[in-house]
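Below you'll find the structure, written out as structure tokens, and then a few comments.
All values below come from the heavy atoms of this structure, side chains included, with hydrogens, waters and symmetry mates left out. Everything quoted here is computed from the prediction, not taken from an experiment.
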Amino acid sequence: MRSRISKLVVGIAICMLQTGWAQEKEGAENTKVETTATESTEVQQDSTTVVQRTNIDVQQDSTAVAQETDSEVQEDVAEKVTTSVERTKVDGVVAVVGDYIILESDIDKSYIDLQNQGMPIKDIPRCQLLGKLMEDKLYAHQAVQDSLEVSDKQVTAQTEQQLNYLVSQVGTMENLLAYYKKSDEESFREELFQINKIRSLAENMQSKVVDEIEVTPEEVRQWFNDIPEDERPVFGAELEVAQIVKTPEVPEEEKQKVVNRLKEMKRDIEENGASFATKAILYSKDPGSSTKGGFYHVTKQTGFAKEFMDVAYSLREGEISEPFESNFGWHIIKIDKIKGQELDLRHIILIPDIPEKTLEKTKKELEEVREKIINGEVSFGDAAREYSDEKETKFEGGQLRNPENMDTRFELTNLDPSLYSQVRDLKTDEISRVYKEEDPRQPGRVMYKILRVTNRYDEHKADYVQDYLKIKELALKEKQIKAIREWMEKTIEDTYIMVNSDYRDCDFSNKWVKK
């Protein structure tokens, strides 16, 4: 018999993996899809022409045929949407959910996205990805009905960041378009915008469903007591860890060397006609843009450092900035084109070197702090408050917090590999040796650390007192899943849904059958 926890895991899988569904008309022998003139369906277009259910509007992208506006042509197209028992695929449309359609190419793109995330796709059926897309569309459709808003500026910024990242992975925009089999940048950008907008609407709708759901201590206690003793979850080994961090100071002379180099580059470009893009390729330390000649397309919402954005929006078209500093290093920027509030720019970033003697000095300082702690001259917490350079942890005595739930405990198997390698053999209250690590917030910069395991919890069966926060989280998730199921059942009843006959045999079809 499946345990309560197993059921919860299955529930989470249903919500997160979101396997797809099919709709069947009960009691209908010869099913036909409604094409009501009062219903409005938003039609997206990928590699094929897609038909809108009402106000029939054939949209076009880079591979679609010219838009058809003749009323007789519209009637002919409408007949193609209405299908009989022998349902056949129309122009690549596999499903309609409310005001949204899903194309075969949307499923294909989902496979590509999963591959880009490093996930194996061999055993993922198309049905499962269709289900994910259908649930997203259901959430988005209802979000529009409920007048939930999504900022186009925010979506545009997200799209630009996504594009910049994708280009950094494949080298050039041309390579990216070829990879996704797209004919031009503008249509691809618009397609990503629409995908991100739908995703944002879906997230807002799902948040609306679950945000106000809470569990009381009594509900948590009852939920836990309802789990049979032999079916209670087992939590893996956990640690509580504190750290003290020392960051080497960059000498002023090293900063000045970098500033002088950037000034020389600027002068060579302005006075001798040297190529900014070539210098970016040769010298810039930004792995995300150097292969593209330092190129970025930015908007006011692009999440770059404030110093970078302030300088970028102060320049005229064709102008090159003076060297300036951010948390990441020293930059110069050249504006290629200004399009309203959007900029096409190039930049070069250089990171000052830290001399070996400075590194050794910082390491020695931290080793002296470690000795004071071991000798009992100062506690680890007090030493963190006095000597640590990391503002986020020093005032809590160096205590690290799990970013997922802000708890102080970390499951040993889920620790960051670099942290795991340093603490896996430490006993409670033992302090690590001083070690060097690259600063994740400032690539190219290093820092020195010592760690202390403040508590160690061995693998154990769930204990109500010791593991209350984890138990509360599980109880809350189950309550949220129940609310989502109830919401979906009601929303499916009230929403127009159609699935192409090729996908009617998906093993999750009952989820979308209207009672």
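- Glu185 contributes atom CD, which lies 10.5 Å from atom CG of Leu192 (distance to the nearest 0.5 angstrom).
- Aromatic ring centres of Phe308 and Phe328 lie farther apart than the 6.0 Å criterion allows.
- Put simply, the side chain of Arg261 never gets that close to the backbone of Leu350: no donor and acceptor are under 3.5 Å apart.
- Here the two rings, on Trp223 and Tyr464, have centers that are 6.0 Å apart or farther.
- Within 6.0 Å of NZ on Lys472 lie no more than 12 heavy atoms contributed by other residues, nucleotides or ligands.
- Judged by a 6.0 Å distance limit and a 45° cone about the ring axis, Arg409 is positioned over the six-membered ring of Tyr457.
- A donor-acceptor pair under 3.5 Å is absent between the side-chain atoms of Arg189 and the main chain of Thr156, judged by distance alone.
- Counting only N and O atoms by type, the side chains of Ser326 and His331 include a donor and acceptor under 3.5 Å apart.
- His347 has its ring centre no less than 6.0 Å from the ring centre of Phe295.
- Using modelled atom types, one finds a donor on one side chain and an acceptor on the other under 3.5 Å when comparing Ser289 with Asp286.
- Salt bridge annotation for Lys208-Asp146: present, with a cationic side-chain nitrogen under 4.0 angstrom from a carboxylate oxygen.
- A donor-acceptor pair shorter than 3.5 Å can be found between the side chains of Glu240 and Thr408.
- Around CD of Glu249, the count of heavy atoms belonging to other residues, nucleotides or ligands within 6.0 Å does not exceed 12.
- Of the possible donor and acceptor atoms, one in the side chain of Ser151 sits under 3.5 Å from a partner among the backbone N and O of Lys153.
- Under 4.0 Å is where a charged nitrogen must lie from a carboxylate oxygen, and between Glu478 and Lys482 no such pair does.
- A salt bridge is defined here as a Lys NZ or Arg NE, NH1 or NH2 lying under 4.0 Å from an Asp or Glu carboxylate O, and Glu392 with Arg401 fails to meet this definition.
- Environment of CD in Glu212: sparse, with no more than 12 heavy atoms of neighbouring residues, nucleotides or ligands closer than 6.0 Å.
- Within a 6.0 Å radius of CD in Glu149, no more than 12 heavy atoms belonging to other residues, nucleotides or ligands are found.
- Counting heavy-atom neighbours within 6.0 Å of Gln154 CD, excluding the residue itself, gives a total of 12 or less.
- Cation-pi contact between Lys300 and Tyr313: present, with separation from the ring centre below 6.0 Å and deviation from the ring axis of at most 45°.
- Under the 4.5 Å side-chain criterion, counting only non-hydrogen atoms from C-beta, Val378 is in contact with Ile373.
- Using a 4.0 Å cut-off between charged side-chain N and carboxylate O, Lys132 and Glu135 make no salt bridge.
- In this structure, Tyr111 contributes its side chain and Arg126 its backbone to a donor-acceptor pair below 3.5 Å.
- A salt bridge links Glu218 with Arg221: the distance from a Lys NZ or Arg NE/NH1/NH2 to an Asp or Glu carboxylate oxygen falls below 4.0 Å.
- Side chains of Ser379 and Asp382: a donor-acceptor N/O pair is present below 3.5 angstrom, by distance only.
- Remark: the Lys372 side chain and the Tyr387 side chain contain an N/O donor-acceptor pair separated by less than 3.5 Å.
- Of the possible donor and acceptor atoms, one in the side chain of Lys394 sits under 3.5 Å from a partner among the backbone N and O of Ser388.
- Using a 3.5 Å distance cut-off with no hydrogens or angles, the side chains of Thr393 and Glu390 do pair a donor with an acceptor.
- Comment: Arg433 does not engage Glu367 in a salt bridge, judged by the lack of any side-chain N to carboxylate O separation of less than 4.0 angstrom.
- The aromatic rings of Tyr180 and Phe188 sit tilted relative to each other, their planes meeting at an angle between 30° and 60°.
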**OP:** Kindly indicate, with the supporting measurements, whether the criterion side-chain contact (heavy atoms from CB on, under 4.5 Å) is fulfilled by Ile244 and Asp389.
**Re:** CA-CA 8 Å; Ile244 298 175; Asp389 292 332; over 6 Å; no
**OP:** Any chance you could lay out the side-chain contact (heavy atoms from CB on, under 4.5 Å) test for Tyr139 and Ile484, step after step, and finish with the verdict?
**Re:** CA-CA 11 Å; Tyr139 279 122; Ile484 287 172; 3.3 Å; yes
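- Using modelled atom types, one finds a donor on one side chain and an acceptor on the other under 3.5 Å when comparing Asp416 with Ser418.
- At a threshold of 4.0 Å, the pair Asp353-Lys257 does not count as salt-bridged, since none of the basic side-chain nitrogens sits closer than that to a carboxylate oxygen.
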Original post:
Under the side chain to side chain donor-acceptor pair (under 3.5 Å) criterion, do Ser432 and Gln422 qualify, and how do the steps go?
Top reply: CA-CA 7 Å; Ser432 73; Gln422 298 297 328; 5.2 Å; no
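- Residue Glu214 places its CD atom among 12 or fewer non-hydrogen atoms of other residues, nucleotides or ligands, all under 6.0 Å distant.
- Annotation: Lys461, atom NZ; neighbour count of heavy atoms from other residues, nucleotides and ligands within 6.0 Å is above 12.
- The line from OG1 of Thr495 to CE of Met134 is 10.5 Å long, rounded to the nearest 0.5 Å.
- Contact check on Lys490 versus Glu493 returns no salt bridge, with no Lys/Arg side-chain nitrogen under 4.0 Å from an Asp/Glu carboxylate oxygen.
- Using a cut-off of 4.0 Å between Lys/Arg side-chain N and Asp/Glu carboxylate O, Arg452 and Asp429 are scored as salt-bridged.
- Between the CD atom of Gln243 and the CG atom of Leu419 there is a distance of 7.5 Å, given to the nearest 0.5 Å.
- When the shell of 6.0 Å around CZ of Phe324 is examined, it contains more than 12 heavy atoms from other residues, nucleotides or ligands.
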